[in-house]
Amino acid sequence: MHDFEFYSPENLGELYELLSMKEGQVIAGGTDLIPAMRLKVIQPSALFDLGPLSELRYIDLRQDRISIGALSTHTDLERSSLLAKHAPLLRQAAATVGSLQVRNRGTIGGNIATASPAADTVPPLLVLEAEVFLGSEKGERHLPLEEVLLEPGKTATAADEIITRVEFHPLPPGIGSAFLKLGKRHAMAISVVSVATVLRLANDHVQDVRIALGAVAPTVIRCREAERALLGEPLNEQTLIRASQAAANEISPISDIRATADYRCRAAQELLRRALLIAAQRCRGQ
Amino acid sequence: MDIELTVNEKAFEVKTDPNTTLLYVLREELGLTGTKDGCGAGECGVCTVLMDGQPINACLVLAPQAHGHEITTIEGLSEGEELHPLQQAFIEQGGIQCGFCTPGMIISAKALLDRTLRPTEEEIRRAITGNLCRCTGYVKVVDAIRAAAEKVRDAGTEDRR
């Protein structure tokens, strides 16, 4: 690895001061950053270790919102009974990231900040309509997650800022949800396509639906056309096909070493269909 | 820079650079070569060690990030000449061929048995999803972990080594 300076700020205040004064890269779990540094894709002159900042590692219910500190690991999410109860699809997604070893180090903040189009916690966070909080010496601001993700590898986080937490409303009772991930293996696999959905049915008609697809566009995206195609409709073969086709028009998959664009397009449609059916089942099951 | 860490219950002070990994420190500075260097990208699991009881890839921890933590390597499982039930079971069940994945595999299995001594087939398989093996096809590895769990249960005490 190249030479770099290494800083271990003991608290957020120290970190913000460093970020405002020095150019460098923050590192948390390092599960994306260290391989990237080995491949010389990124060679920061300085690293700022977020590890000691335990104040950023928590999963709480704060008034009417679930708040997840950016340094919560995927294992933390996987083991959270709060998430199991109020946002099961996020917990499911966290459980599919990498391997056990990677999940013990990788963080939700890192999953967002790395801005991979295939990031697994992002589709659930998008349909949960999560807000991302960004902190710096100047204070705190927040943006909808959708506005934070810009391009592959790029977020709206400024150079002197870090993601401190994400927040969203717990899923109310009566809502069904699902997360599905298609990969070339059942574990330690980057998503070929992923889908997250939350669904509310009333008299077997779609009252509310949110859909996000991963690994089929420059960022994980909400599929609002597909959502509109379903609102007020019953869930049957025709409406599911119409929604899947609408989603197919919203995505822009690429061909890469994992799959062709055409395969991704077809797989996304089928995955969406299955996810909606599962979410509907869970909806009715309550 | 100086880092302090506990490895296999012994305290160490190591002089190192920030642009090295825990894996390098274990193998090159501390001479604990049981932990292997494979892909360098956290994908193969041969570098798996326990950090504060949790299995992690040592190749994905920068040396200074290990400061203040407790590490368990494969060397920490045996006591002198006495093998850990996991090590014994891997030998008896034929879960070792070339042996390269074995230390990481056993550490992942140790983490599992620290959580439950009655793992289901599914739990065993999930526990080793981060450890690749090119030789065994995993069948004997899973058998070995199951047998080890039974060994520890039959011993009547929870093995806390």
Side-chain angles (χ1 to χ4, degrees), chain A residues 1-10 24-54 71 73-76 78-79 95-107 110 183-190, chain B residues 1-4 16-24 35 37-69 104-105 107-112 114-115 122-133 138:
Chain A
M1 265 185 275
H2 68 290
D3 279 324
F4 50 80
E5 289 168 26
F6 188 89
Y7 296 87
S8 271
E10 288 181 16
Q25 171 71 49
V26 291
I27 180 170
T31 57
D32 275 318
L33 190 53
I34 294 176
M37 290 196 297
R38 279 226 179 76
L39 289 172
K40 304 196 197 300
V41 165
I42 176 171
Q43 298 189 93
S45 51
L47 288 188
F48 311 124
D49 188 19
L50 299 178
L53 303 175
S54 53
L71 292 183
T73 65
H74 297 294
T75 295
D76 291 339
E78 196 184 349
R79 293 198 181 150
T96 68
V97 173
S99 64
L100 188 51
Q101 293 92 318
V102 166
R103 292 195 288 277
N104 283 335
R105 293 285 292 168
T107 63
K184 299 195 71 160
R185 311 171 69 234
H186 285 162
M188 199 70 229
I190 295 179
Chain B
M1 63 192 329
D2 284 323
I3 61 165
E4 285 170 19
T16 185
D17 294 314
N19 62 346
T20 56
T21 60
L22 170 61
L23 178 61
Y24 182 91
T35 309
D37 187 349
C39 68
E43 292 182 21
C44 72
V46 297
C47 69
T48 306
V49 297
L50 298 182
M51 185 152 109
D52 305 327
Q54 301 267 60
I56 54 106
N57 295 119
C59 72
L60 293 184
V61 176
L62 294 176
Q65 290 182 306
H67 175 79
H69 290 277
M105 201 62 90
I107 291 290
S108 288
K110 169 86 168 60
L112 173 68
D114 284 346
R115 278 202 341 263
E122 173 70 25
E123 283 172 324
I124 294 174
R125 296 170 76 87
R126 254 186 89 77
I128 59 171
T129 50
N131 296 87
L132 297 180
C133 175
Y138 302 101

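Since the model is a prediction, treat every value here as computed from it, not as a measurement. Letters A, B, ... mirror the listed sequences (proteins, then strands); counts begin at 1.
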Note: B:Cys59 and B:Cys47 closest approach over all heavy atoms is N-SG, 3.5 Å

Tell me the closest heavy-atom pair linking B:Thr16 and B:Ala63, and the distance in Å.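 Closest approach of B:Thr16 to B:Ala63: CG2-CB, 3.7 Å.
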
Note to self: More than 12 heavy atoms of other residues, nucleotides or ligands under 6.0 Å from OH of B:Tyr24: yes or no?
What the structure shows: no

Please classify the contact between [X] and chain B as side chain, backbone, both or neither, with a heavy-atom cut-off of under 4.5 Å.
{"X": "A:Leu39", "answer": "neither"}
{"X": "A:His2", "answer": "backbone"}
{"X": "A:Ala28", "answer": "backbone"}
{"X": "A:Asp3", "answer": "both"}

Could B:Glu43 and A:Arg185 be called an ion pair, given the rule that one side-chain N must be under 4.0 Å from one carboxylate O?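 No salt bridge links B:Glu43 with A:Arg185.
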
Given B:Thr129, B:Asn57, B:Asn131, the one with more heavy-atom pairs under 4.5 angstrom with chain A than any other is B:Asn57

Could you check which of B:Ile128, B:Asp17, B:Leu62 has the highest count of heavy-atom pairs closer than 4.5 Å to chain A?
->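 Among the listed options, the one with the most contacts to chain A is B:Leu62.
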
Does the B:Asn19 side chain pair with the main chain of A:Met1, one donor and one acceptor, at a distance under 3.5 Å?
yes

| request: For chain B, find which of A:Ile27, A:Val102, A:Leu33, A:Asp32 contributes the most heavy-atom pairs closer than 4.5 angstrom. | output: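 Heavy-atom pairs under 4.5 Å are most numerous for A:Ile27.
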
> Between A:Arg103, A:Arg79, A:His186, which residue shows the highest count of heavy-atom pairs closer than 4.5 Å to chain B?
Replying inline: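 The option with the most such pairs is A:Arg79.
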
Cut-off 4.5 Å, heavy atoms of chain A, and the answer for B:Leu132 is side chain

TODO: For residues B:Leu60 and A:Pro35, determine if any side-chain heavy atom of one lies less than 4.5 Å from a side-chain heavy atom of the other.
DONE: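 Sidechains of A:Pro35 and B:Leu60: in contact.
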
